[in-house]
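Note that this is a predicted model, so its numbers are computed, not measured. Below, chain A is the first sequence line, B the second, and so on; all start at residue 1.
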Amino acid sequence: MKLVIAYIRPESLPAVKQALFEREIFKISVTNALGCGQQKGYHETYRGADIEVTLLKKVRLEIAVNEDFVQPTIEAIIDGAKSGKIGDGKIFIQSLEECIRIRTGEKGKLAIG
Amino acid sequence: MKLVIAYIRPESLPAVKQALFEREIFKISVTNALGCGQQKGYHETYRGADIEVTLLKKVRLEIAVNEDFVQPTIEAIIDGAKSGKIGDGKIFIQSLEECIRIRTGEKGKLAIG
Amino acid sequence: MKLVIAYIRPESLPAVKQALFEREIFKISVTNALGCGQQKGYHETYRGADIEVTLLKKVRLEIAVNEDFVQPTIEAIIDGAKSGKIGDGKIFIQSLEECIRIRTGEKGKLAIG
Amino acid sequence: MKKKKLYIKHLLLLLILGLLSGNLYAQDSTAAAANAANDAALTALSESLQNNLNIVWTCVAAFLVFFMQAGFAMVESGFTRAKNTVNIIMKNLMDFSIGSIAFFLVGFALMFGTTNGFFGTDSFAMAGSDVAGKDWDWTFLIFQTVFAGTAATIVSGAMAERTKFNAYLTYSVFICAFIYPVFGSWAWGSLFKGSGWLENLGFVDFAGSTVVHSVGGWLALAGAIILGPRIGKYDPEGNPKAIPGHNITIAALGVFILWFGWFGFNPGSTTFGDGDIGRIAVTTNLAAAAGAVLAMFTSWLMFKKPDASMALNGALAGLVAITAGCANVSPIGSLVIGAGAGMLVVISVTVLDSVFKIDDPVGAVSVHGVCGAFGTLMVGLLDVNSGLFYGGGLQLLGIQAIGVASGFVWAFGLGLILFVIIRKTVGLRVTEEEELRGLDIGEHGMEGYNGFQIFTTQ
Amino acid sequence: MKKKKLYIKHLLLLLILGLLSGNLYAQDSTAAAANAANDAALTALSESLQNNLNIVWTCVAAFLVFFMQAGFAMVESGFTRAKNTVNIIMKNLMDFSIGSIAFFLVGFALMFGTTNGFFGTDSFAMAGSDVAGKDWDWTFLIFQTVFAGTAATIVSGAMAERTKFNAYLTYSVFICAFIYPVFGSWAWGSLFKGSGWLENLGFVDFAGSTVVHSVGGWLALAGAIILGPRIGKYDPEGNPKAIPGHNITIAALGVFILWFGWFGFNPGSTTFGDGDIGRIAVTTNLAAAAGAVLAMFTSWLMFKKPDASMALNGALAGLVAITAGCANVSPIGSLVIGAGAGMLVVISVTVLDSVFKIDDPVGAVSVHGVCGAFGTLMVGLLDVNSGLFYGGGLQLLGIQAIGVASGFVWAFGLGLILFVIIRKTVGLRVTEEEELRGLDIGEHGMEGYNGFQIFTTQ
Amino acid sequence: MKKKKLYIKHLLLLLILGLLSGNLYAQDSTAAAANAANDAALTALSESLQNNLNIVWTCVAAFLVFFMQAGFAMVESGFTRAKNTVNIIMKNLMDFSIGSIAFFLVGFALMFGTTNGFFGTDSFAMAGSDVAGKDWDWTFLIFQTVFAGTAATIVSGAMAERTKFNAYLTYSVFICAFIYPVFGSWAWGSLFKGSGWLENLGFVDFAGSTVVHSVGGWLALAGAIILGPRIGKYDPEGNPKAIPGHNITIAALGVFILWFGWFGFNPGSTTFGDGDIGRIAVTTNLAAAAGAVLAMFTSWLMFKKPDASMALNGALAGLVAITAGCANVSPIGSLVIGAGAGMLVVISVTVLDSVFKIDDPVGAVSVHGVCGAFGTLMVGLLDVNSGLFYGGGLQLLGIQAIGVASGFVWAFGLGLILFVIIRKTVGLRVTEEEELRGLDIGEHGMEGYNGFQIFTTQ
Ligand SMILES: Nc1ncnc2c1ncn2[C@@H]1O[C@H](COP(=O)(O)OP(=O)(O)O)[C@@H](O)[C@H]1O
Ligand SMILES: Nc1ncnc2c1ncn2[C@@H]1O[C@H](COP(=O)(O)OP(=O)(O)O)[C@@H](O)[C@H]1O
Ligand SMILES: Nc1ncnc2c1ncn2[C@@H]1O[C@H](COP(=O)(O)OP(=O)(O)O)[C@@H](O)[C@H]1O
């Protein structure tokens with residue numbers, strides 16, 4: 001089992017969700033995050049003083065999947081989130097040792113989906 | 001050392017915290033999250049138009065524990081979070097390579113608690 | 001590749017960011033979190049009734065780095081976040097199996113920076 | 001819009017006079033008569049102009065009192081949790097809307113119609129008033145409507161975060177159509193066609209510390225008791241837990257709006273445009289100020305920090321308390337009343353919360369019920385004409401006590417009955433599940449702060 | 001500040017009279033003449049005092065109407081998303097600011113100057129009024145300015161969350177300087193130096209259901225059509241998706257402020273301080289209340305839950321609808337009009353959204369356009385003097401229909417032309433990227449809720 | 001409530017007249033005398049009615065000015081960070097509450113009592129005014145109280161986010177009891193029993209650009225200097241960093257409320273109900289509009305985007321600037337003053353921030369101090385009777401400059417002294433730790449937005 005973490009632009013979340021659904025990945029968790037990456041921040045001004053926004057608003061996805069779903073998940077995320085412009089985001093993959101469904105106590109591969 | 005990640009219903013956080021405390025697990029981190037799982041979303045209407053809320057509000061727990069605490073942690077979460085209804089949530093377990101207490105520089109098992 | 005997760009005091013974020021930049025670590029992700037650790041909560045009162053704030057506001061950092069950057073990252077976080085008082089926070093290190101840059105499809109070490 | 005017309009009414013008066021006097025002046029001996037006619041013309045003119053001024057003043061005051069609805073909505077929303085915001089807003093909107101209609105159709109008649117000794121019996125839907133005319137009646141109606149609306153809206157705060165919406169709608173009809181008007185007829189009926197036993201006794205409640213606020217407050221008390229506390233308000237040992245409101249800025253705005261509106265409530269109750277209104281504005285303002293200051297210091301002493309929610313409640317407490325005597329006490333007297341109310345409200349909130357275990361999320365019972373009663377009694381001491389401290393003896397104090405007691409018995413008693421009946425019929429409280437998730441989604445299927453990330457752990 | 005001076009003006013009048021009469025009284029035969037002089041003095045005094053009262057009343061009413069700007073800003077901000085808040089606030093601030101200046105310089109003249117049959121042609125920048133005097137003119141100007149500002153601000157809500165800021169500024173100039181004043185001159189020109197064909201027909205629009213609200217509403221309709229819906233408002237199959245507003249508390253506050261301000265809008269349109277204002281306040285309040293209640297029940301029936309945003313819109317719908325007939329219908333009539341508007345607004349919002357696929361984020365077209373027209377027509381039925389239901393026949397109804405139709409043709413027609421021209425020149429809509437990220441950062445480089453964590457996925 | 005009584009006062013007047021005239025008319029030769037009596041009755045009636053109208057008007061205006069407290073609270077809360085919201089709210093509530101009491105007990109006497117040449121010396125706690133009567137005194141007191149409250153509240157914005165709460169309470173007493181009243185006695189003392197050297201010179205400050213706003217603004221400047229900037233406001237090289245406010249919607253609401261309240265502030269300063277108030281409302285409105293528009297365009301030029309916070313400040317700048325001359329300049333003149341203030345405020349904010357490194361979170365010094373001085377001077381140019389541009393020569397300009405300068409010396413000088421003393425005694429600034437975490441928890445033990453997730457990294 002793997003844990004896929006992805007940081008994407010907020011605007012692309014609907015497209016990513018769509019792409020995941022098409023590949024039958026229905027379970028995801030989303031949090032707001034602030035990110036600092038290649039994408040330069042933008043400048044706001046407020047009352048004439050500068051604000052350098054170096055932490056950009058991003059959305060963090062966390063998706064636990066079985067091995068055979070890793071590739072589709074990555075594809076789906078790229079599909080939905082890639083615009084080719086700096087700031088599209090990153091995908092991180094970690095191994096996941098165990099997964100438990102709280103409701104039933106089911107474990108492992110069964111619990112993930 | 002393991003890193004336990006759990007997504008639970010917001011309402012059950014107090015009960016989970018209680019259950020963890022009873023097992024002498026005092027250190028946890030909590031974030032808000034939106035989740036998409038087996039639990040069907042609910043429908044809001046706003047001005048007559050439908051909102052399908054497919055991303056449900058969840059709470060994400062992150063708990064770093066030593067091996068001998070993994071089982072109690074899982075038990076505690078299930079204890080506090082299980083209602084038997086869809087949407088109770090999931091627990092994910094990953095291995096954790098290192099843990100450092102910033103204040104003292106202590107590492108590993110010592111640092112976790 | 002490693003995934004460094006750190007919980008720090010909100011106030012120390014600017015200093016940590018600075019310390020990371022000095023060590024040429026430019027990419028980080030930040031989320032708000034509530035933490036429960038050694039640091040005791042504080043008491044608010046509201047209309048004469050007590051509120052025990054046991055979940056303290058923390059900031060969670062997630063930084064994916066190549067092996068040779070792990071040590072500098074840890075140093076930088078400690079540098080910026082250590083005040084010596086309870087509540088300074090923790091650093092967790094996990095192994096990271098893969099990293100993909102969505103924009104280009106680059107993988108692994110190349111994608112991280 | 002109407003064109004600036006030529007004061008037809010006044011001209012007419014003058015014309016009649018002209019005819020009369022032209023006639024009479026022919027004879028020398030009629031000079032005195034002419035003069036009398038002249039005087040009558042002057043009197044008529046004076047009355048007519050002053051009447052117009054009174055109408056303008058009373059209408060403006062009524063609008064200010066209407067605006068207090070916004071104040072109540074903001075205070076109650078700010079002092080409760082984000083997940084119940086839509087619900088509290090809707091309750092505030094609806095109690096005034098339904099209440100306005102109910103008061104027009106029924107309540108006004110019970111309160112101000114020709115009395116059967118217990119309540120009024122005519123003027124339903126303002127029958128008898130000219131629907132195309134310039135009668136004082138309409139100005140009086142709008143002024144009284146917004147007062148009824150104030151009494152109605154007090155309850156929602158004390159019953160917030162757990163009451164079913166349709167139960168609340170049912171309640172709203174009864175208070176504006178029956179509970180408030182009947183009590184009102186006892187104290188204020190003679191302002192129109194009615195007459196009441198309390199006012200005949202000599203009961204002084206100039207703008208309604210008892211008639212409006214205490215009645216609302218005691219109903220709120222009944223409601224909070226029958227409902228029981230919110231989930232999580234008391235721990236298993238029965239110790240109160242704080243459930244902080246979600247928006248202090250909005251609550252503070254609400255208090256400022258209420259303070260602003262009170263300048264219509266108290267000075268407006270003269271329904272007459274003359275120098276009294278300035279004096280009443282002064283006593284009203286000083287009492288509010290003293291209430292805020294003393295509540296702050298009291299909370300500072302009791303809880304180690306100056307509590308904003310208490311200071312805000314303190315201002316309201318001062319306002320409620322001065323309402324009865326605003327025209328009858330001196331400015332110094334108003335400082336005393338305000339200061340007393342400011343201290344009292346902090347103690348009352350704490351005692352209700354910790355000792356009686358009554359969960360009143362916004363402090364409505366303490367502010368309106370307790371401080372309303374306090375203020376009404378204080379008139380017995382501080383009335384500059386007949387108060388105890390001004391040598392007036394105990395008589396007024398006794399009468400005030402009768403008024404306060406009858407208000408409590410009527411409102412609290414009927415409140416208990418009403419809420420028990422509602423609980424048995426439409427049901428009074430939402431399910432535990434709905435309460436935890438918030439009434440906004442449960443009752444209205446929407447959220448108050450879409451897009452905002454709210455710690456969903458409370 | 002000015003010292004309490006000695007009513008010089010009135011004294012002067014009396015002095016003249018004194019001189020006259022002193023003279024005349026020497027002879028017995030002049031007694032009647034003296035008396036006449038006396039009467040004249042009384043009349044002058046009465047007019048002068050009533051005039052001062054009218055000025056005070058009209059000014060207070062104007063201030064209340066001004067405050068409606070705050071109400072519109074809050075409603076529109078609350079009913080749209082957090083990422084576009086700064087932008088909608090700026091639009092509301094600027095349409096009134098630019099509009100005030102444009103109306104002073106040009107609009108007032110077109111509306112109230114001596115007419116060429118189509119619009120007024122003099123009084124630009126109030127030429128002819130004494131810049132240091134006490135003329136009625138200035139009171140009339142401030143009252144009319146805030147009305148123009150109301151018409152202008154209606155549009156921003158319907159075009160929210162996607163319109164370029166400079167396009168909106170351009171529009172603001174045109175409505176206050178030209179579109180609104182010209183139509184206004186037809187219905188209300190004779191209130192000052194002008195005269196209009198609609199008022200000459202006998203068209204009844206006391207405070208502007210058509211002149212102000214429908215005109216604003218139809219312009220909003222034109223804008224919303226030319227702009228097209230927001231991204232994400234319709235799915236690929238064309239089904240409407242809800243895009244909930246971000247702050248229902250603030251939206252509700254806005255509605256309360258508007259309701260409050262409407263007590264200046266309707267009763268104030270008498271510009272005369274007498275008993276009519278109380279009666280108009282009653283009809284206004286009852287219609288708003290009925291609108292809120294019926295909209296709530298209608299939404300309850302249609303969507304299974306009582307929708308707060310609909311109930312809030314319902315109150316406004318009732319207010320808009322009663323505006324035309326507030327002085328001419330009975331209180332019962334106002335309940336009928338308010339109730340009708342409350343039902344109508346829910347249906348209209350739903351139909352525009354689902355059937356016509358017109359994206360109006362705050363319901364401005366339904367509230368102001370549709371309910372304004374509805375209310376104007378209802379006068380034809382419910383006018384207590386000449387309405388159909390009161391035996392007045394069909395004539396008034398016909399005239400009202402002509403007024404409504406001409407308002408639609410003028411405002412919607414010119415609106416289409418204006419917005420197309422703006423689209424071709426300065427550009428009307430922001431880029432897709434900017435719309436997704438929010439206009440606050442795109443147009444103003446700042447955020448509305450700094451520090452708040454907002455789910456940035458919507 | 002008071003029953004509609006029979007205009008007893010007026011009747012009495014008429015009765016006296018009746019007796020007099022009945023007597024005199026017996027003889028033919030007394031006809032003239034009778035007539036004179038008749039005239040006297042008319043005059044008395046006119047004065048009495050106009051006096052009542054003035055009271056109603058001045059009270060309504062006072063209430064509007066009171067409401068500005070809500071506006072200040074919202075503006076200051078909105079323009080600062082979420083973590084300091086409770087604190088700023090409490091400061092706004094308390095400066096008015098404490099200030100009201102201090103002004104009643106002491107301040108009014110210093111300002112309006114019989115003067116010793118430097119300040120007033122009697123009328124403490126309104127001694128001498130009838131505590132049960134209809135005197136003008138009370139209306140005058142409430143009007144002056146809300147003005148004092150306005151001066152007091154200006155300071156909190158400039159000292160926001162770092163001042164200790166008890167230090168601020170101490171300051172509040174001094175400004176309302178001493179600093180403001182003494183300066184006020186120089187310019188406005190003769191409105192009651194006093195008399196002042198500035199007004200005797202011919203200084204024109206109709207509603208208080210200098211007396212209220214500049215005095216408040218210069219005190220704010222002193223406070224901001226003594227306090228020093230907020231942590232993080234300047235980077236190590238001394239470059240200013242923006243610290244954006246947390247709620248632009250609420251700040252905008254505050255500005256609309258202030259604009260609304262200003263219609264009491266300026267036109268109300270006539271304390272007389274006649275045609276002047278309409279004209280003053282026009283100049284006030286146009287100046288505000290021009291201020292908003294020009295500030296927006298100036299910020300657009302300087303920072304590439306139209307800055308909402310600047311546009312909002314611009315409206316206030318226009319209002320502050322027109323306050324001195326609102327009754328004395330023409331509408332076109334008011335446009336000039338407003339536009340100038342709109343540009344000036346943007347420049348002033350930027351210069352204070354970048355050049356002088358004075359950290360004023362809400363721009364209070366620029367809006368009230370700088371634009372107040374600017375507006376006062378402009379009267380010297382644009383007064384339609386004696387301004388330089390109207391051929392009045394340099395005299396008035398010179399007098400205005402003296403007034404402005406004396407205001408600066410008095411308020412800024414005393415401010416420095418006062419804040420240094422406070423720093424040495426109760427302490428002026430919170431600890432660094434508290435400042436970082438927010439004053440809400442540090443000073444009041446509570447949060448403003450419970451449950452909302454706020455990026456706690458700023
Ligand atoms: N090494 C990293 N560690 C943690 N988060 C990262 C890292 N690299 C990128 N991110 C996250 O991904 C987001 C997008 O990264 P960015 O470099 O802007 O994308 P791209 O390389 O496609 O332009 C960042 O804002 C940050 O939140
Ligand atoms: N595979 C997954 N990857 C990431 N998050 C998941 C996954 N499965 C479940 N979750 C999280 O757990 C929450 C609860 O899951 P759900 O399927 O509703 O629980 P249950 O299976 O007990 O009904 C989801 O809302 C989501 O946040
Ligand atoms: N075992 C753990 N699992 C998850 N989060 C933890 C753990 N230990 C600490 N944390 C996080 O780190 C924060 C700081 O921990 P704390 O014990 O207060 O630091 P210190 O030990 O330096 O005083 C906590 O608030 C919590 O968010």
Notebook entry, point to check: Can you list the residues that meet the side chain to side chain contact (heavy atoms under 4.5 Å, CB included) rule with C/Lys82, with sequence neighbours excluded?
Noted result: B/Ile102, C/Ile78, C/Asp88

Would you give the length of the straight line joining atom [atom1] of [X] to atom [atom2] of [Y], rounded to the nearest 0.5 angstrom?
X: A/Ser83; Y: C/Arg103; atom1: OG; atom2: CZ; result: 9.0 Å
X: C/Arg101; Y: A/Ile86; atom1: CZ; atom2: CD1; result: 8.5 Å
X: C/Asn32; Y: A/Asn32; atom1: CG; atom2: CG; result: 9.5 Å
X: A/Phe92; Y: C/Ile112; atom1: CZ; atom2: CD1; result: 6.5 Å

Next item on the list: Examine whether an atom of A/Lys85 lies under 4.5 Å from a heavy atom of chain C, and if so say whether it belongs to the side chain, the backbone or both; otherwise answer neither.
Entry: backbone

Check: Under a 4.0 Å N-O cut-off, is there an ion pair linking A/Lys2 with C/Glu98?
Finding: no

Item checked: Structural part of C/Leu3 lying under 4.5 Å from a heavy atom of chain A -> side chain

Margin query: Can you tell me if A/Glu24 has over 12 outside heavy atoms packed within less than 6.0 Å of its CD?
Written below: no

Notebook entry, point to check: Can you check whether C/Cys99's main-chain N or O pairs, donor with acceptor, with A/Lys90's side chain at less than 3.5 Å?
Noted result: no

Checklist line | Minimum heavy-atom distance A/Ser95-C/Glu97, with the two atoms named | finding: CB-OE2, 2.9 Å

Notebook entry, point to check: If you take all heavy atoms of A/Ile5 and C/Glu62, which pair is closest and at what distance?
Noted result: CG2-OE1, 4.0 Å

